[in-house]
Amino acid sequence: MAAIKVAKTGNEAMAEAMRQINPDVVAAYPITPATEVVQIFSQFVADGAVDTEFIAVESEHSAMSATMGAAAAGSRAMTVTSSQGLALMYEMLYIAAALRLPIVLPEVNRALSAPINIHCDHSDTMGARDAGWIQIFSENSQEAYDNILQAMKISEHPDILLPSMVTTDGFIISHCMETMFFLDDATVKNYVGPYKPHASLLNLAEPHSLGALDLQDYYFEHRMQLAEAMRRAKDRIVEVGLDFGRRFGRSYGLFETYRMEDAEVAMILLGSTAGTTKMVVDVLRREGRKVGLIKLRVFRPFPFAELAREFGRVKAVAVMDRSDGLTSFGGPLFDHVRSTLYDLERRPKTVNYIYGLGGRDITLEDLRSIFVRLQDIAAGGPIDPLITYQGVRA
Amino acid sequence: MAKDTIEKPGWRTLPLGDVLPAGTAHEFKTGDWRSFRPVHDAAKCTNCLICWIYCPDSSVLVEAGSFKGFDLDHCKGCGICAAVCPPKVTAIAMIDEREARKGAQ
């Protein structure tokens with residue numbers, strides 16, 4: 001196994017992972033900021049670098065439909081999208097999960113219209129959070145690459161058979177170049193292994209139908225199967241993450257804790273902001289402030305029991321949402337974390353920050369001020385306002 | 001009322017992801033709400049099988065190249081077979097289903 005040191009953008013890293021996976025079928029439509037992944041991959045197809053049948057479709061609705069058809073036919077199928085594209089796939093996302101088609105979808109987080117905006121927030125991915133897809137967030141290009149490879153092993157496992165979306169943050173990761181390591185082609189080929197579909201419409205020896213009408217007396221049982229698969233996925237993700245570490249030196253879990261050992265206040269967030277926050281944590285630690293970070297990697301399945309164990313000693317938590325559910329009660333991560341903490345004996349105070357919508361920068365100073373406020377809350381200060389729109393102009 | 005004695009599978013045993021054996025629609029009899037019934041006149045029929053080509057529900061049964069009958073378990077009584085039967089032949093007539101059932105009793 002050779003680790004190849006490269007300087008790559010998130011999009012290049014995702015396209016490279018796809019090349020090495022060499023899926024049977026890719027059906028995709030370009031959309032900023034994920035366009036490059038499709039463009040680079042279609043160049044691989046044109047150059048004969050992959051065996052993939054590339055279907056240039058007329059929309060993301062068709063992209064997901066064709067990917068599902070290919071997966072139902074028994075092939076390893078992938079597509080790529082972002083933002084409005086993911087929104088246009090909405091109908092099929094639910095079907096792909098329920099038909100148990102283990103599609104892996106590299107997805108670049110971008111705001112949803114309107115107003116039209118091409119920059120990062122997590123609204124698109126959060127819009128698909130109840131579709132039955134495993135959702136894995138990446139902090140940087142390395143994680144994006146590693147997560148796509150692991151997602152194949154998670155989704156295609158016979159006990160799981162759920163589709164996965166692996167996300168990067170638009171432009172922040174997708175278009176920024178950084179040093180990372182690729183595995184060599186043979187290693188990836190061996191790691192991902194050959195694909196054995198659980199059912200194939202092209203298997204004429206065992207003809208079957210897929211997606212039959214399922215009314216009052218069977219639908220509920222099929223949905224229960226989905227719920228159970230998602231519950232099992234949690235252990236599988238941990239198992240795959242540890243195995244990845246043993247093989248290639250980079251271990252992954254459901255989330256990453258950063259300087260949480262004796263932290264009195266903590267922040268929890270998803271994606272690229274973790275990198276900036278780690279730097280702020282280091283600065284504050286040097287000042288003697290006991291602050292820590294939890295970077296949530298897996299949003300679906302949501303690791304509530306595992307997360308609860310991390311918050312036992314913490315006095316105040318800021319839940320950072322890079323999307324707004326427009327619920328009047330904060331963002332989706334806030335909902336989940338606050339609910340997770342409810343059963344703790346010593347429950348920390350919890351506040352929500354909606355930040356970075358439409359690519360708005362979150363600065364070192366923003367993050368520092370949030371940690372300082374958390375220390376004030378930990379010392380008995382007010383939790384009002386419960387929900388703060390960080391950095392918005394009044 | 002007859003008690004439903006079919007043991008329905010639970011989520012642990014139900015085939016995964018709505019995958020079913022092919023052709024099970026044949027076991028589901030969907031012809032019971034037909035209003036009109038096709039009746040075939042063997043003396044007039046030329047076995048051109050245009051009715052078989054046009055039937056949208058595979059309800060014209062053919063054996064060894066000849067018209068054999070209608071699959072009344074699945075025929076919806078749409079009348080397409082009667083409409084496409086050539087004017088010089090008119091081997092298929094649509095009759096009232098209720099009258100046909102009364103006659104059968």
Side-chain angles (χ1 to χ4, degrees), chain A residues 68-69 71-74 77 92-103 131-134 155-163 196-233, chain B residues 1-38 49 51-65 67-81 97:
Chain A
M68 282 167 52
M92 276 68 58
L93 291 176
Y94 283 70
I95 300 171
L99 296 184
R100 311 302 291 275
L101 304 173
I103 295 162
W133 284 61
I134 291 165
S155 283
E156 293 177 359
H157 192 277
D159 291 344
I160 310 300
L161 293 173
L162 291 175
K196 297 185 201 79
H198 81 285
S200 159
L201 288 174
L202 292 184
N203 178 4
L204 299 181
E206 288 175 39
H208 66 272
S209 68
L210 188 65
L213 186 66
D214 211 19
L215 299 178
Q216 294 96 325
D217 47 358
Y218 286 106
Y219 180 87
F220 203 170
E221 280 70 24
H222 277 128
R223 300 306 294 187
M224 179 67 189
Q225 289 181 341
L226 263 181
E228 198 50 29
M230 189 59 89
R231 194 186 61 75
R232 283 194 299 265
Chain B
M1 211 176 137
K3 196 174 168 230
D4 186 358
T5 52
I6 300 168
E7 189 72 38
K8 291 177 182 167
W11 66 268
R12 291 176 197 277
T13 50
L14 199 63
L16 192 70
D18 207 8
V19 171
L20 295 173
T24 51
H26 189 74
E27 293 159 27
F28 189 38
K29 299 192 184 346
T30 49
D32 58 351
W33 45 268
R34 182 175 53 240
S35 302
F36 295 96
R37 174 186 293 202
L49 301 185
C51 55
W52 173 76
I53 292 168
Y54 276 88
C55 175
D57 221 339
S58 307
S59 293
V60 174
L61 306 176
V62 171
E63 204 172 84
F67 180 95
K68 189 189 163 201
F70 292 109
D71 172 5
L72 293 177
D73 286 338
H74 297 95
C75 169
K76 311 294 185 296
C78 69
I80 289 175
C81 54
E97 178 68 19

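Quick note on labels: first sequence line is chain A, next is B, and so on, each numbered from 1. Values below: all heavy atoms of this structure, side chains included; hydrogens, waters and symmetry mates excluded.
For a residue to count as touching a neighbouring chain, one of its non-hydrogen atoms must lie under 4.5 Å from one of that chain's; by this rule A:Tyr218 touches chain B with backbone and side chain alike. Using a 4.5 Å cut-off between heavy atoms, B:Pro9 contacts chain A through both its backbone and its side chain.
Looking at every heavy atom in both residues, B:Leu20 comes nearest to A:His208 through O-CB, 2.9 Å.
Side-chain contact check for B:Val19 versus A:His198: some heavy-atom pair is nearer than 4.5 Å.
In the displayed structure, B:Trp11 atom CH2 is contacted under 6.0 Å by more than 12 heavy atoms of other residues, nucleotides or ligands.
Near-neighbour residues of residues 222-229 of chain A relative to chain B, defined by a heavy atom under 4.5 Å from a heavy atom of that chain, comprise A:His222, A:Met224, A:Gln225, A:Glu228.
With B:Asp18 contributing its side chain and A:Ala212 its backbone, the two residues share a donor-acceptor pair below 3.5 Å.
Note that the CZ atom of A:Phe220 and the CG atom of B:Leu14 stand 13.5 Å from one another [nearest 0.5 Å].
With sequence neighbours excluded, the residues satisfying ring-ring contact (aromatic ring centres under 6.0 Å, His included) with A:Tyr94 are A:Tyr90.
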